[in-house]
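Both counts, for ligands and for their atoms, begin at 1 and track the order of listing. Keep in mind that what you see is a predicted model, and the values were worked out from it rather than measured. Residue numbers start at 1 and run along the sequence shown.
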Amino acid sequence: MTAIKEPSFRESVDLMFNRAASLMDLPPGLEEKIRVCNATYTVRFGVRLRGEIHTFTGYRSVHSEHMEPVKGGIRYAMAVNQDEVEALAALMTYKCALVETPFGGSKGGLRIDPRQYEEHELEQITRRFAYELAKRDLINPSQNVPAPDMGTGEREMAWMADQYARMNTTDINARASVTGKPLNAGGISGRVEATGRGIQYALREFFRHPEDVQKAGLSGKLDGKRIVVQGLGNVGYHAAKFLSEEDGSRIVGIIEWDGALYNPDGIDVESVRQWIVKHGGVSNYPDATHSAEGAEVLEAECDILIPAALEGVINLTNAERIKAPLIIEAANGPVTAGADEILRKKGTVIIPDMYANAGGVTVSYFEWVKNLSHIRFGRMQRRQEEARHELIVSELERLDRYLGDAWSMSPNFKAKYLRGADELELVRSGLDDTMRIAYQSMREVWHSRDDVEDLRTAAYIVAIDRVAKSYRAKGL
Ligand code: GLU
């Protein structure tokens, strides 16, 4: 038997796009205009390290400029290549349209194994890469705003934003050139955990619709659901932590680079995370069985599967054996187009990446707005809100005294009600609202059209329609 060839990541995204576009009535030519990647910049630069010059290859791809700035993370990994960066940039376009963040789509990558370098070396490399991008307006608060992705985080974003600021000393909006910065460098509360939080909010919204839950052959709420998570990086860790600690779900499997942990009674996410920090992997973790063939646990019996690592992990070789009735794509592109087809036929419900992991870019949007307005969210209204609440509470206290034993305020009411919302609460509220509304816009298409079988196609239809509308408004 000859092995069936899997399309590349970018081809896979295009195939999914085409599937949705074929169900739409787009003007001739517009479909192609939306699908294709506008430009990809490749840069090779040298950095003098340890007495010799090291050459690095980096990319920044701009998929669609129907809205500007364009937005998307920068990834540090050895596997980075042009095809991958273009696929990820395309997903950013659709993601931003679906969750209504006013950005076009972009993505960047640097071919590097960050673990091979000291912190000061990484700073040198990052600043040089940022310099190359900023020089061509590929980092710019009004044109192109990077953010973290795999292999990068707050630290790299602070270096990049600072590099832009050094090159643009009179730009009052310099801080808005990059998002995902630490709080003390213009970041926003709640950005680090935003993508994981978004997964939690997405699942909560899914479980608010019994009809949808039933489509996945499940019932009830998140409480008690058995979850397998692949990748305990920033996204997988936060998603698994919140779902187990706040929603009563049970994490039965954790897949990492050095194998997988499985325990039907549940695994403590925080202690596994600490174990990884200390030992570098999950091997020898005491409270679960370890299997060296990590990928096999993707096929384990569970209610919800959360791939939160790399693209293409559910593919033609294993799709048929995936037992989870519900998959939520925390990573970008974890299911290939071929696997998507197989899973759809099996009736597996997939909450697609462009929606599921949009929490990151949503909170990036809040950070960008905060940077442009030069004021922390809640700073003006918080105390005023508290003063107004105080008024009501003092009236209630009067009533309390008057009614004696017949009525009294609930124990924690006063403290809870008095407190005005701080930035973190506002960020969570904005994120929750975004995830609910975006889900509803997808499900509306999913349920109202007979020719739309799955949430992914519905998501593409909503996103493509919005991008098409902004192109039309521009006169294209
Ligand atoms: N890299 C993240 C993503 O894939 C975040 C992008 C952003 O915040 O701009 O969505």
Side-chain angles (χ1 to χ4, degrees), residues 9 13 59-64 67-77 80 84-110 133 138-154 156-158 160-161 175-182 186-188 190-199 201-202 231 233-236 238-239 307-311 328-334 352-371 427 430-431 434-435 438 459 463:
F9 186 12
V13 171
Y59 305 89
R60 186 76 180 160
S61 176
V62 175
H63 174 262
S64 175
M67 282 197 191
E68 284 180 309
V70 293
K71 190 91 191 71
I74 291 185
R75 173 175 289 204
Y76 280 9
V80 161
E84 179 190 62
V85 172
E86 291 187 355
L88 292 165
L91 281 173
M92 284 309 302
T93 296
Y94 311 133
K95 188 185 307 190
C96 289
L98 183 66
V99 295
E100 297 180 285
T101 53
F103 303 127
S106 182
K107 201 81 175 202
L110 186 65
L133 296 180
L138 291 166
I139 297 182
N140 184 300
S142 57
Q143 291 191 41
N144 197 325
V145 182
D149 200 79
M150 265 173 51
T152 57
E154 288 190 327
E156 287 74 15
M157 298 307 115
M160 286 186 190
R175 282 189 152 178
S177 62
V178 176
T179 60
K181 304 177 294 297
I188 194 166
R191 174 64 185 86
V192 175
E193 68 266 33
T195 314
R197 198 46 95 191
I199 298 290
Y201 290 165
N234 181 41
V235 180
H238 283 109
L310 275 178
E311 58 261 20
I328 177 159
E329 297 181 325
N332 287 306
D353 47 6
M354 79 170 77
Y355 164 70
N357 68 34
V361 76
T362 301
V363 177
S364 274
Y365 169 44
F366 302 154
E367 179 177 337
W368 182 71
V369 170
K370 174 187 181 181
N371 294 151
V427 162
L431 177 59
T434 304
M435 297 310 288

Proximity flag Arg75 to ligand 1, non-hydrogen atoms under 4.0 Å: no

Closest approach of Ala459 to Met354 (non-hydrogen atoms, all atoms of both residues): CB-SD, 3.8 Å

Contacting atoms of ligand 1, where contact means under 4.0 angstrom from a heavy atom of Asn332: 4 (O)

Pairwise distance CG(Leu91) to NZ(Lys107) - rounded to 0.5 angstrom: 8.0 Å

Residue part near ligand 1, for Val363, under 4.0 Å between non-hydrogen atoms: neither

Identified side chain to side chain contact (heavy atoms under 4.5 Å, CB included) partner of Asn144 from the options Val62, Leu133, Val178: Val62

Top protein contact for atom 7 (C) of ligand 1, by heavy-atom distance: Ala147 CB, 3.2 Å

Minimum-distance protein heavy atom relative to atom 3 (C) of ligand 1: Lys95 NZ, 3.4 Å

Side-chain donor/acceptor of Glu154 to backbone N/O of Val192, under 3.5 Å: no

Per atom 5 (C) of ligand 1, closest listed option by heavy atom (Met354, Lys71, Arg191, Met92): Arg191

Neighbour count >12 (heavy atoms, 6.0 Å) for atom OH, Tyr365: no

Smallest separation among heavy atoms of Ala356 and Glu329, with atom names: CB-O, 3.4 Å

Which residue and heavy atom of the protein sit nearest atom 8 (O) of ligand 1, plus the separation: Ser364 OG, 2.6 Å

Whether Ser177 side chain and Pro141 backbone form a donor-acceptor pair below 3.5 Å: no

Ligand 1 contact on Met157 by region, counting heavy-atom pairs under 4.0 Å: neither

Heteroatom distance test (Thr179, ligand 1): nitrogen or oxygen, under 3.5 angstrom: no

Lys370 side, atom NZ; Thr179 side, atom OG1 - distance, nearest 0.5 Å: 12.5 Å

Distance filter under 4.0 Å to Gly360 heavy atoms, resulting ligand 1 atoms: 8 (O)

Atom indices of ligand 1, in the order listed, that fall short of 4.0 Å to a heavy atom of Gly73: 1 (N), 6 (C)

For ligand 1, the portion of Pro148 having any non-hydrogen atom under 4.0 Å away: backbone

Reported NE2-to-SG distance for the pair His63 and Cys96, which is rounded to 0.5 angstrom: 11.5 Å

Protein contact of atom 4 (O) of ligand 1 - nearest heavy atom, named by residue and atom, plus distance: Lys107 NZ, 2.8 Å

